[in-house]
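All remarks here apply to the structure that follows.
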Amino acid sequence: MFDDIPGFLDGTGPTTTVLDPDGTPNNILDADVGGAIQVDWTFTGSLSAILGDVQFTVTVVADPVSTNPKFVLGTTTITDASGVYSVTFPILPATISPDAYRLTAVITSIEVSSGGSLHIAGFVDGPIIQVRPGP
């Protein structure tokens, strides 16, 4: 969820979608096949023109419900003035242990031209997914 600047910059999302290797949404993945996590968010409003100078950093973490260590699915940056964003983090076969995981996506931002931080950040905590040993 993003903290909005009412009337000036309204954020929607972020949301996470778990994808099978063929792109089908599914909250149960096979460890030996893998899949991906897609993170989506958008902005509208009169200040959305500033987004061309904003670099977003997206990190997705899979935190096991059991005692296994957490698994950082990846971190990436994106700069795009469209106001509509989507980042996909692949889960390669046999890289994540069978378990149940709570997904957390964190989005932070900086102003590219100055390198300064901005008050644009968001997160989503959940869903819980299952990674099973295999079919």
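These numbers were taken from a predicted model, which means no experiment stands behind them.
- Nearest approach of Ala62 to Pro64, heavy atoms of both residues: O-CD, 3.6 Å.
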Query raised in the report: Between Leu29 and Asp20, is a side chain to side chain contact (heavy atoms under 4.5 Å, CB included) present by the stated rule, with each step listed?
Result: CA-CA 7 Å; Leu29 299 177; Asp20 280 339; 3.5 Å; yes
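- For Ile110, the side-chain contact (heavy atoms from CB on, under 4.5 Å) test picks out Gln55, with sequence neighbours left out.
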Report task. Test Leu9 against Ser48 for side chain to side chain contact (heavy atoms under 4.5 Å, CB included), laying out the working first. Result -> CA-CA 6 Å; Leu9 190 62; Ser48 60; 4.2 Å; yes
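- Counting Ile, Leu, Val, Met, Phe, Trp and Tyr side chains that sit under 4.5 Å apart, directly or through other members, Val84 stands alone, with no cluster partners.
- For Thr44, the side-chain contact (heavy atoms from CB on, under 4.5 Å) partners are Asp10, not counting sequence neighbours.
- Here the shortest heavy-atom pairing between Ser86 and Asp40 reads OG-OD1, 2.6 Å.
- Contact annotation: the side chain of Phe71 never approaches that of Asp99 to less than 4.5 Å [non-hydrogen atoms, C-beta and beyond].
- For the atom pair Gln130 CD and Asp30 CG, the distance stands at 9.0 Å (nearest 0.5 Å).
- Atom-to-atom distance recorded for Phe56:CZ and Thr77:OG1 is 11.5 Å, nearest 0.5 angstrom.
- Looking at Ser109, its side chain does come within 3.5 Å of a backbone N or O of Ile120 through a donor-acceptor pair.
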Report task. Start with the C-alpha gap between Val87 and Trp41, add the side-chain angles, then the distance that decides, and say whether side chain to side chain contact (heavy atoms under 4.5 Å, CB included) holds. Result -> CA-CA 9 Å; Val87 177; Trp41 69 101; 3.9 Å; yes
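- Residues Val33 and Pro93 form no side-chain contact, since every pair of their non-hydrogen atoms from C-beta on lies 4.5 Å or further apart.
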Report task. Test side chain to side chain contact (heavy atoms under 4.5 Å, CB included) on Ile28 and Arg132 and set out the steps. Result -> CA-CA 7 Å; Ile28 299 174; Arg132 60 185 180 189; 3.9 Å; yes
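- Between the side chain of Tyr101 and the backbone N or O of Ile96 there is no donor-acceptor pair closer than 3.5 Å.
- Linking ILVMFWY residues whenever their side-chain heavy atoms come closer than 4.5 Å, directly or via other members, leaves Leu47 and Val112 in distinct clusters.
- Minimum heavy-atom separation, Val39 to Ala105: CG2-CB, 4.2 Å.
- The shortest distance between side-chain heavy atoms of Ile107 and Phe123 does not fall below 4.5 Å.
- Summarising the geometry of Pro90 relative to Thr88, their closest heavy-atom pair is CD-O, 3.7 Å, with the distance given to 0.1 Å.
- Ring to ring, Phe43 and Phe8 are not that close: their centroids are 6.0 angstrom or more apart.
- Looking at every heavy atom in both residues, Gly52 comes nearest to Ala81 through CA-CB, 3.4 Å.
- When each of Val106, Thr75, Thr76 is tested with Thr57 by the rule side chain to side chain contact (heavy atoms under 4.5 Å, CB included), just one qualifies, namely Thr75.
- Tyr85 is listed as a side-chain neighbour of Ile78, based on a closest heavy-atom distance under 4.5 Å.
- Comment: Asp63 does not engage Arg102 in a salt bridge, judged by the lack of any side-chain N to carboxylate O separation of less than 4.0 angstrom.
- Transitive grouping of hydrophobic side chains (ILVMFWY, heavy atoms separated by less than 4.5 Å) keeps Ile37 and Leu19 in distinct clusters.
- Atom-to-atom distance recorded for Ile91:CD1 and Leu73:CG is 5.0 Å, nearest 0.5 angstrom.
- Residues Leu103 and Pro127 have side chains in contact (heavy-atom distance under 4.5 Å, counting atoms from C-beta outward).
- At a threshold of 4.5 Å between side-chain heavy atoms, the hydrophobic network of Ile, Leu, Val, Met, Phe, Trp and Tyr places Ile129 and Val61 in two separate groups.
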Requested in this report: With side chain to side chain donor-acceptor pair (under 3.5 Å) as the test, would you mind laying out the steps for Asp22 and Thr24 before giving the verdict?
Outcome: CA-CA 6 Å; Asp22 66 1; Thr24 304; 2.8 Å; yes
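- Listed for the Thr79 side chain is no donor-acceptor partner under 3.5 Å among the backbone atoms of Asp53.
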